[in-house]
Amino acid sequence: MTKEPGTLSKSDSNADQAPLRQSFRAQWLILALALAVLAGVFAYYSFTSHRDITYQEHHRLQTQARVIASNLEHQLNATNLALTSVIKDLAYLREHKNIHLANRRLQELADAMPGVRTMLVLDRNGTVAASSREEFIGTNFSTRNYYQAALQRGDSTLLYVSPPFKSVLGPIILNLSKIVTESDGTFDGVVVAALDPQYFNVLLNSVLYAPDMWSAINHGDGIRFMMVPDQAGQPGRNLVLPGTFFTRHRESGRVESVLTGKSPSYDSERVMALHTVQPQELKLNKPLIVACSRDQAAIYENWRSSTLKQAVVFILISSAAGFGLILLQRRQKTMASLMAREQEERHKLDASLRESHQLLADIYDFLPDATFVLDLEKKVIAWNRAMAEMSGVPREEMLGQGDHAYTIPFYGERRNQLLDLIDTDDDELRAKYQGVTRLGDRLYAEAFCPALYNGKGAYVWAIVSPLYDSDGKRIGTIESIRDITAIKETEANLARSNQELEQFAYVASHDLQEPLRKIAGFTELLANRYKGTFDEKGESYMAYIVDGATRMRSLINDLLGYSRVMRSTRELADTDCSAVLSRVLRDLEPAIKESNAEVVCGPLPVILADQSQLGQLLQNLIGNAIKYRGAAPPKVVINALQQQGGWLFSVTDNGIGIAPEFYERVFAIFQRLQTRTEYPGTGIGLAVCQKIVERHGGRIWVESTVGTGSTFFFTMPLTVKDSEMIR
Ligand code: ADP
């Protein structure tokens, strides 16, 4: 069953991304926590600074209110003292009925006290008896609160504080008054000091420290005496309304209070410090209440803007961090997917590598030749099935083995074998090891391995080659071994039967010669002695017998020659081919002449050969070239060409030619293509040629076109000297 590759990889990558998503969530959580902490710090800072501002501001307003209150107390004290001294002086002034003196005295006092605007003495009816301002004398003020209150209370120890009222001269003023009594204590009028709002203006102004701030003095009954900065309608205003700061302060019963909130009389939130002035040493019928106030918005303006700034900074930081994290995670994600892709590719690569390994192993195993591979440490890394069969050692047992363990199945001991000679240099190889050939970077050898097949032994033919990786780096060595025992046996059998055949041919031809000679000799005698005795039939029978005997003789002679080629024990020696050829041509002289043949010859070498056999070879080939001629007179060309490892001879004619299907058959013994009457011969000539060439380690073959001519090629070895020169 096959899975769809797309879905497989998708579900894989989903599974791979689960931990990534988890880590992303954790990162967000950490960021959120960090931002929460930062926000907390900001909030705490903002809260404490708000608290500090509130505290400072309240404190400051309270202080300012105190400053006004204490000034006011002084003023009240001083005025009280002035009024008391006027009362004391009054008896004396009355006695002398000196109104001018009294007026002057009051004027002096009023002038001396900067807070006092006017001083009056009212008689018991409320008419002005004396005044710092003479224009008031005779005016009746009996309806005024400061007269009425004093009259009604009748307490001479009290200092009466009048509610603010609109004075005759215009501005709202406030009067302080004391009762004048007769010696028996009955009411005898009041002395009055009118407080100068101008003077208090300065005082109230002096405490203002912000443009939104104002300060005020109120009468204890809730009438505003004055306010700085001055606002229309404020002096004389009634403050006794529910919810006003004034009401809240008075209800609290405290001397000092700091209140915040929205008073019905103002639009905005305000903070106000209130201070009740009622000095203990003075007995006031009504207190005065000082107020200092500021606008809340103004107080917290700086705080608000800095908090706003912090908020902006926080938002910037968090969005930058969030954005940064998004970027970071995007990068992590691409990295992760890159890594995943890489891993996938690696897996694919691994799989294909495994596949190709398997394929290679299968190919190894399929090979019929026993094959094994060593790595650079000469440890076995491959051992195919044929190798396991040949050696009897299974692959599992041999893989990973080093220290020449692989030679034990071949030789029964740890030693060098062909594979170990691969890095041996050529001189040493030639000197020490027989039958080892190097061709390129490969070594070839034939050997008998006595331990193979459980000690039965086997002839093997082995090839060794270094192995390289794709970069051309050497990674090991491979040896492939073929069992050639069967071939060797066949070769040996063939050699034996050949030898037996030769032996037979020799014995037969040799032993047949003697009776044949007898037959031929006596038939000749018979023919001579009884010539003319036979009738015609008898004569022709006789001729047949003589002909048969002659043919038999040449057959036997040729056969003997053939068997002698291999029996020859003559050593091969340097032989000058030109000299040999000259002799051959001399022997062939009659045939050449008779056929009008032309024989052309290129330069011929000196070769390592059996001189008489070489002569026989050339004679047979040239003889055939002349014999198997066509209508035209024969032309024979003999050449020799040096090749790698030997000479290539050719004998070319312009004769009848040979069809390709007979190219091999002509070299077999007794094989002829023509009848004896067309071309005489025994069919042994080319077989002898083949034997001679083979004895010299060469090869013979023919190329021909019927009707045009043939070329017989044969190879011959170099002389020792030549072969040394070439090396
Ligand atoms: P023989 O010449 O005694 O018949 P060979 O062994 O020399 O025996 O030749 C075998 C056969 O090869 C010959 O019968 C002939 O048919 C063929 N043959 C040999 N040489 C030539 C040649 N030069 N041209 C054509 N045919 C040839």
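We number each residue from 1, following the sequence as shown. Just so you know, ligand 1 is whichever comes first in the structure, and atom 1 is the first atom listed for that ligand.
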Inset, instruction - Could you pull out every protein residue that has a heavy atom closer than 4.0 Å to ligand 1, ordered by chain and then number? - result: Asn624, Ala625, Lys627, Tyr628, Asp653, Ile656, Gly657, Ile658, Val666, Gln671, Arg672, Leu673, Gln674, Gly681, Thr682, Gly683, Ile684, Gly685, Leu686, Ser710, Phe712
Show every donor-acceptor pair shorter than 3.5 Å between a side-chain atom in residues 542-554 and any protein atom, with sequence neighbours excluded, or say none if there are none.
| unit_1 | atom_1 | unit_2 | atom_2 | d |
| --- | --- | --- | --- | --- |
| Thr550 | OG1 | Val546 | O | 2.7 |
| Ser554 | OG | Arg551 | O | 2.9 |

Inset, instruction - Would you list the pairs meeting salt bridge (charged side-chain N to carboxylate O under 4.0 Å, His left out) in which at least one residue belongs to residues 440-454, sequence neighbours left out? - result: Glu446-Lys488
Inset, instruction - Indicate yes or no: does Arg629 engage Glu594 in a salt bridge with an N to O separation below 4.0 Å. - result: yes
Inset, instruction - Please say whether more than 12 non-hydrogen atoms of neighbouring residues, nucleotides or ligands are located less than 6.0 Å from NZ in Lys635. - result: no
Legend entry - salt bridge (charged side-chain N to carboxylate O under 4.0 Å, His left out) contacts touching residues 685-706 (sequence neighbours left out): Glu502-Lys691, Asp610-Arg695
Legend entry - Heavy-atom neighbours of Asp362 CG exceed 12 at 6.0 Å: yes
